[in-house]
Protein chains: 2
Amino acid sequence: MPEAASKTRREKVEEKERAILAATRAVFRDKGPEDAKITAIAQAANLAEGTVYLYFKNKQALLMAAVSEFYAELTQDAEAAVRAAHETEGRLTALAQLHFSRVLDEWPLIAEAMGPYLPSPEYRETEAYALNRRYVAVFDGVIRDGVSRGEIRADVSVAVMRDAFYGGLEHFARSARLRDSLPDTQAEVAQFLTVFTAGIMDRPSAGVLDGARVIRRLQGVITDIEDQLRAGQQDDVEMQDGEGTQ
Amino acid sequence: MPEAASKTRREKVEEKERAILAATRAVFRDKGPEDAKITAIAQAANLAEGTVYLYFKNKQALLMAAVSEFYAELTQDAEAAVRAAHETEGRLTALAQLHFSRVLDEWPLIAEAMGPYLPSPEYRETEAYALNRRYVAVFDGVIRDGVSRGEIRADVSVAVMRDAFYGGLEHFARSARLRDSLPDTQAEVAQFLTVFTAGIMDRPSAGVLDGARVIRRLQGVITDIEDQLRAGQQDDVEMQDGEGTQ
DNA sequence: AGTATAGATGAATCAAGTTCATTTTTTTGG
DNA sequence: CCAAAAAAATGAACTTGATTCATCTATACT
């Protein structure tokens, strides 16, 4: 049994597997989940129904494999996007746009594949879970990096931020599907990010600062000055609405 | 055909409907979605399979009705919770806790019932959609009230906030289900709310202020003072890290 | 070419939802 | 109170889609 031949065989099998996965994703995308029967998938891959079962244990496994492929691709692109941007905000924006658009495309598949697992802890045993972990690890990395740079608050667990980020985006993608024609996605994602980053940032760019710190600083300066002034002139510095009301 | 008798009949029908819905929710809750076959539901309601179809067009309709009931109850409780609290933050906390715990309980049912509809816009025609609207209207009301009081920023659409809120919470509930034993829910929801409210508030309580405004104010004061000082003393006020680095 | 082995097929089986002819229960009128 | 009519309930039969498997076809090796 020669090495080369064995390798070729494995390659052929993997190629066919990928073909079936591609057919699956295509059927879900343009025929909808209702019509994503095994028959339709087999037909799209130019195979008989039974053949699909030579490559995948059952429909559930097939869908999971398709989702795994989806996450693997997504992870690649997410990593690339993060490498391309150098500040935290840009990275989060890129991740959000990417996640939103991809999930919007393949949501029916993802939902159908995940559905049966969501209520059970056995999902943690699946390959899709492992790949999902690797995917969100990209986000986690961005956050941790941001924390170490002092850009992101350290008093909230990454897990919570992650849930807020992806949960918000996915819910958002779902509502976007309902509002018939897709509206200005970029703009809406940007709005979402406004809220998210404002909540997460330690020293956000959007014109918000750490109030306690600023006030302490201000207080110090003013005391200094008052001292100085007391010694010199007599005019008093106007100092009213220190807390502000809008 | 007497009024009383007719009324009694309708009542009987509605009572049986409610019984079937209760059985459905019970089966989902304690036998899991896998085993929530029509047979099991019928059995739990002490009926033959066929009888279920006398009251609901098909399984899908049955599940939707169950979800509708769920949302109706949830809306009642949400309204009560909002009435009980008087400031925006307390109201949001109450809504979050309520949503989180309830959704955690009945997620399998909700997911299964919604699944088929999520990708399609025909969901908007369903009763469940209408009830969901009424439910989120409670949240919307809290937000709008908060905006009018100047507590919540007005530059982000309520829809975005809503998606961030419920999306984050639901994702969160899902991850909580995965982490085998449920951890300190209260505490985690509180963390989530920290992030969410910080993002949404106009003048958040957590020691954050509008930076641009503070800086403008500070600048003005300093210029004043510099003028004064120039005329009087000669000591200079130390003024370095104006932007701060953590 | 001839046999062995892997790969593919689609008819048969199975499972769950749905329908419907029949049976049981309830209502109504004499 | 009884019988006919109407309403409600039943479960066996049907339908649809996933899965299995006996059979067939193509490929590899001598």
Side-chain angles (χ1 to χ4, degrees), chain A residues 1-24 27-28 31-67 108-109 112-113 115-117, chain B residues 1-24 27-28 31-67 108-109 112-113 115-117:
Chain A
M1 52 190 78
E3 263 291 287
S6 157
K7 198 170 156 197
T8 304
R9 180 161 308 155
R10 186 199 306 280
E11 278 176 358
K12 262 186 188 164
V13 167
E14 285 180 358
E15 193 177 325
K16 189 145 264 179
E17 264 180 24
R18 276 197 301 278
I20 296 174
L21 292 178
T24 304
V27 168
F28 263 92
K31 300 188 101 172
E34 312 291 303
D35 295 322
K37 331 244 181 239
I38 287 289
T39 311
I41 291 169
Q43 208 160 26
N46 278 94
L47 294 170
E49 295 166 75
T51 309
V52 173
Y53 289 89
L54 296 177
Y55 293 87
F56 298 94
K57 192 172 147 288
N58 53 33
K59 193 180 184 182
Q60 178 57 28
L62 170 60
L63 298 192
M64 275 315 244
V67 169
L109 168 64
E112 189 125 327
Y117 282 115
Chain B
M1 51 190 75
E3 263 292 284
S6 156
K7 198 168 152 199
T8 305
R9 180 161 306 156
R10 185 198 309 281
E11 278 176 358
K12 263 186 188 162
V13 167
E14 286 179 358
E15 193 178 325
K16 191 146 262 179
E17 263 181 23
R18 277 195 300 278
I20 296 174
L21 292 179
T24 304
V27 168
F28 263 91
K31 300 189 98 174
E34 313 290 305
D35 295 321
K37 330 246 184 238
I38 286 289
T39 310
I41 292 169
Q43 207 159 27
N46 277 93
L47 293 171
E49 296 165 75
T51 310
V52 173
Y53 289 88
L54 263 31
Y55 292 88
F56 298 94
K57 193 173 147 286
N58 51 34
K59 192 181 186 183
Q60 178 56 28
L62 169 61
L63 298 192
M64 277 313 246
V67 169
L109 168 64
E112 188 124 328
Y117 281 115

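All chains are named by letter (A, B, ...) in the order of the sequence lines, taking the proteins before the strands, and each is independently numbered beginning at 1. Nothing here was measured: the structure is a model prediction, and the numbers come from that model.
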When you measure from the side chain of [X], which nucleotide among [options] comes out closest?
X	options	result
Leu54(A)	dT9(C), dT10(D), dT19(D)	dT9(C)
Thr51(A)	dT9(C), dA8(D), dT27(C)	dT9(C)
Lys37(A)	dA18(D), dG7(C), dA28(D)	dA18(D)
Asn58(B)	dA8(D), dT18(C), dA18(D)	dT18(C)
Tyr53(A)	dT18(C), dT20(D), dA9(D)	dT20(D)

Nearest heavy atoms of [X] and [Y], plus distance in Å:
X	Y	answer
Ala66(A)	Leu109(A)	CB-CD2, 4.0 Å
Ala36(A)	Val27(A)	CA-CG1, 3.7 Å
Ala113(B)	Leu63(B)	CB-CB, 3.7 Å
Lys59(A)	Lys37(A)	NZ-CA, 4.2 Å

Any heavy-atom pair between the side chains of [Y] and [X] that's under 4.5 Å?
X	Y	value
Met64(B)	Phe56(B)	no
Thr51(B)	Lys16(B)	no
Tyr55(B)	Leu62(B)	no

Would you mind reading off the distance between [X] atom [atom1] and [N] atom [atom2], rounded to a whole angstrom?
X	N	atom1	atom2	result
Ile41(A)	dA18(D)	CD1	C1'	11 Å
Gln60(B)	dT16(D)	CD	P	19 Å
Glu34(B)	dA16(C)	CD	C1'	13 Å
Glu49(A)	dT23(D)	CD	P	19 Å
Asn46(A)	dA8(C)	CG	P	12 Å
Ile38(A)	dT16(D)	CD1	C1'	14 Å
Gln43(B)	dG11(D)	CD	P	11 Å
Leu62(B)	dA16(C)	CG	C1'	15 Å

> Contact class for Tyr55(A) (heavy atom, under 4.0 Å): base, sugar-phosphate, or nothing?
Replying inline: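 The residue Tyr55(A) makes sugar-phosphate contact but no base contact.
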> Going by number, which of residues 14-23 of chain A have a non-hydrogen atom under 4.0 Å from DNA chain C?
Replying inline: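 Residues of residues 14-23 of chain A that come under 4.0 Å of DNA chain C are, in numerical order, Lys16(A).
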